[in-house]
Protein chains: 2
Amino acid sequence: MPRADTEQREPPAGSAVGALRSLGLGPRLLTSPAALTAFGSDALTAFHQRPEAVVLAETEQEVIDTVRLCHREGIPFVARGSGTSLSGGSVPVAGGIVIALNRLDRVLALDPDARTAVLQPGIINLDVSRAAAPHGLAYAPDPSSQSVCSLGGNVAFNSGGAHCLKHGMTSNHVLGVKAVLPDGEVVHLGSDSVEPIGPDWMGLFCGSEGLFGIALQITVRLIGVAESTRTALAVYETLESAGEAVARIVGAGMLPVAMEIMDALAIEAAEASVKPGYPKGAALLIVELEGEREEVGADAARLDELLRASGATQITSTEDPDERALIWQGRKSAFSAVGWLAPDYIVQDGVVPRTRLSEALARIGRMSAEAGIRVANVFHAGDGNLHPLILFDGSEDGAVVRAEELAADILRLCVELGGSITGEHGVAVEKRAFLSLMFSDDDLALMRRLRHAVDPAALANPGKMLEPAPAPA
Amino acid sequence: MPRADTEQREPPAGSAVGALRSLGLGPRLLTSPAALTAFGSDALTAFHQRPEAVVLAETEQEVIDTVRLCHREGIPFVARGSGTSLSGGSVPVAGGIVIALNRLDRVLALDPDARTAVLQPGIINLDVSRAAAPHGLAYAPDPSSQSVCSLGGNVAFNSGGAHCLKHGMTSNHVLGVKAVLPDGEVVHLGSDSVEPIGPDWMGLFCGSEGLFGIALQITVRLIGVAESTRTALAVYETLESAGEAVARIVGAGMLPVAMEIMDALAIEAAEASVKPGYPKGAALLIVELEGEREEVGADAARLDELLRASGATQITSTEDPDERALIWQGRKSAFSAVGWLAPDYIVQDGVVPRTRLSEALARIGRMSAEAGIRVANVFHAGDGNLHPLILFDGSEDGAVVRAEELAADILRLCVELGGSITGEHGVAVEKRAFLSLMFSDDDLALMRRLRHAVDPAALANPGKMLEPAPAPA
């Protein structure tokens, strides 16, 4: 099957910029090197490629026209919202362009009775919940970057978040998408019905990392804001005992809305930056309960017992919105906060079965010690989604390579334990080489056949996920 | 794009039977006309086509070998479990064969801690819950045919059931599938992880009505059996008021595990057959609650208030397993029970938004009166999934055609109200002509491109879903 080897892709004959001028975008067609450089990387700064041009689209039709032009002229393109991808998902290829969707940020419809909203792809995740709040509703998936990341990217990467333990990932909340395919056709996938017809075409689009086209309108399900929310903080003397507490809570049949663990290094980082006032300890477990007031009260009592039985040395819990916000601010800022502890870091993203969490943490601790590289652990413990933060100093000789080797070893460990190479950050550029740890050649061949059926010329976000990683230099 | 027009398909050159003999199946290769006739129809008896042969597979390898042979020889095939499809999903095409999977009916693994089971496709739906019961677990999706239908068919049609209101359809409970593709490649789709990688490939297979290959192993999620289950029966003087009660219950934020409505004619049919002892009335609403004992107690009191406020003239409720079983037996046998009221009937399957249920029921009532055709209504009210049973006498001149016209009008009504042409029975042969009511040409073209990518020769269950219906004779 034909495959675009994007690393070697030459800029198309003729100029992409010249062709794009025909769209009449005026100053919304960026072409100056200074302007373009900002669009060459996303939150995973290890990868960079300056695009040929950037289209700052303001209407659906401009997106469609741009894609059609790219199809006609053979220009690779990547859609970009806020550029918060942690796997290089919005990095362009050489000769390619960026279609920026930030200006498509409106709420097109919000039906409080049906509990649905129709949104443009550039809307910020948190703004969806803000728009729904007057109706007592919210949009459930809450990536840590929710105050900046855009919904289109959430759909492309099937984003999760701390509260997805109970409510599920983005794919559980997106009912339908109007999308432009890589060949410029406009389709509607999914429906409002809870009982869809035929295969889950929508599910094929959600998580496709931009390979199957660009979402123009996204219909999401809204959920009722719970009557009561209580957040508990428990301190543990070892990371493993915090992990065991999670298994115990799940084993007792409880379904908290979130269960997060931070280790000593992550706590230190959070305290150094946003100062959430966390108690000191080897590990911190955050458990959030929500529901009707009585139910949460009963669950909180049960939770307290379980936390004590699992060896927590200190437990606090609160329903106060400000106190809760501070707890979460510490947790959600943990990635960037480690910047206070080391000049550079790699955020890793892997999954282990919940039942093997303690084992995984112990082994990561040993691997860190053996490699002599500090690893801060922050993770969605409820669903076994680990986020080891590997700290290093890029100015030291070979430090990047050693950090990357440790990151790769952690991923192999995840797969060995029956887990996965990515929980929510996606494959994109970063994890391509690891896909074969999880999928057979036949599995990957099927995926590539389906991708080829949608985008035979491989113009939509090429170089990502399903394109084999280049051989090491 | 090439498309197999199965209606005109000639039997392949050479004999399918001759080629199949090379598999060495002995008496498990059925070829006698008498044996084959039974495999020519499923539960929608309007469609019939005798296959060339039937393979009674006993092992995964036999299924794979048969598919590979079909691929090599260009023989169309359809997989069949119990043949309970209500849309002609397991009807073969002329020159095609049937691969019967009933003997692949084992539980391959059951992990009570992880709450998962790995199953063969021919296992009966109810047998999955039976196998899980000793561990306090169950398999949630429960089609009315659950005592006979097989899991492979449930996956192919993304089956629902009365209890899917709370727990979701089959696709919400299938974690992974090992499948043989139409070209004989064997792939693994999905994973145990709640955070999948990339697009939902599994979701593409689930609901594909056999077009994307045959499931060999199915990994499902099991759920804990609730501590307490209570079933309430409420009687209403009009069908519309029962519909309004449903809207009221949902509006109050309750999430019962099931909400079913039966109208007077359906009640009469159930009483004539399984005699569940339903109270007399114009409409019966069944609401089932499950959860922890205290929670169900509190919800039951709230439900009682809501039912009274919506005009119920009589309310009974029970936690007794035998009494509950009888209530459900009446409901689940309603389709076949209408056989007591008329020589023939068409089961229709459509969806309307829950908020427009009353309106839909009123209009179906008027359409029934105008056409002079009795319609019994039995439906999953909680998710707006209607099952009008259109009664007729096939021996009367033109009666079938008039019944089919009314059925089609009801589907158009569903779409007009913002719903769907099928809730759970699927498209298969029956609904092909209605797909264009819901999908644009571009939408359908995309679906066909994806199907073509998986099965270029259109050998896997041809003539279904995505193949245009033949023009009327």
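Hydrogens, waters and symmetry mates are skipped; everything else that's a heavy atom, side chains included, is used.
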> Relative to chain A, which segment of B:Val427 carries a heavy atom at a distance below 4.5 Å: side chain, backbone, both, or neither?
Replying inline: side chain

>> Tell me the closest heavy-atom pair linking A:Asn461 and A:Leu211, and the distance in Å.
In response: O-CD1, 3.7 Å

> Looking at A:Arg115, A:Glu292, A:Glu295, A:Met447, which makes the most heavy-atom pairs under 4.5 Å with chain B?
Replying inline: A:Met447

> Under 3.5 Å, is there a donor-acceptor pair between the A:Gln348 and A:His425 side chains?
Replying inline: no

> Checking heavy atoms, do the side chain of B:Leu181, its backbone, both or neither come under 4.5 Å from chain A?
Replying inline: side chain

> Quick one: of B:Val454, B:Leu204, B:Asn172, who has the most non-hydrogen atom pairs under 4.5 Å with chain A?
Replying inline: B:Leu204

> For the candidates B:Leu444, B:Asp183, B:Asp441, B:Val352, which exhibits the highest count of non-hydrogen atom pairs separated by less than 4.5 Å from chain A?
Replying inline: B:Asp183

> Applying side chain to side chain donor-acceptor pair (under 3.5 Å), which residue pairs with at least one partner in residues 199-209 of chain B are found, sequence neighbours left out?
Replying inline: none

> Under 3.5 Å, is there a donor-acceptor pair between the side chain of A:Lys431 and the main chain of A:Asp349?
Replying inline: yes

>> If I measure from the heavy atoms of chain A, does B:Met202 come under 4.5 Å with its side chain, its backbone, both, or neither?
In response: neither

>> Quick check on the interface: out of B:Gly253, B:Ala156, B:Gly207, who has the most heavy-atom pairs with chain A under 4.5 Å?
In response: B:Gly207

> Can you check whether A:Val429's main-chain N or O pairs, donor with acceptor, with A:Lys464's side chain at less than 3.5 Å?
Replying inline: no

>> Could you check whether any side-chain N or O of A:Arg302 sits under 3.5 Å from a backbone N or O of A:Gly297, counting only pairs where one atom can act as donor and the other as acceptor?
In response: no

> Is B:Cys414 close to B:Ile421 at the side-chain level, that is, under 4.5 Å between some pair of heavy atoms?
Replying inline: no

> What residue in A:His188, A:Met438, A:Met465 has the most heavy-atom pairs under 4.5 Å with chain B?
Replying inline: A:His188

> For chain B, which of A:Leu189, A:Leu446, A:Asn158 has the most heavy-atom pairs under 4.5 Å?
Replying inline: A:Leu446

>> Looking at chain B, which one of A:Ser440, A:Ala428, A:Gly224, A:Cys206 has the largest number of heavy-atom pairs inside 4.5 Å, strictly under?
In response: A:Cys206

> Could A:Arg449 and B:Glu185 be called an ion pair, given the rule that one side-chain N must be under 4.0 Å from one carboxylate O?
Replying inline: no

>> Please classify the contact of B:Val186 with chain A as side chain, backbone, both or neither, using a heavy-atom distance under 4.5 Å.
In response: backbone

> So what's closer than 4.5 Å to chain A heavy atoms on B:Phe212: side chain, backbone, both or neither?
Replying inline: side chain

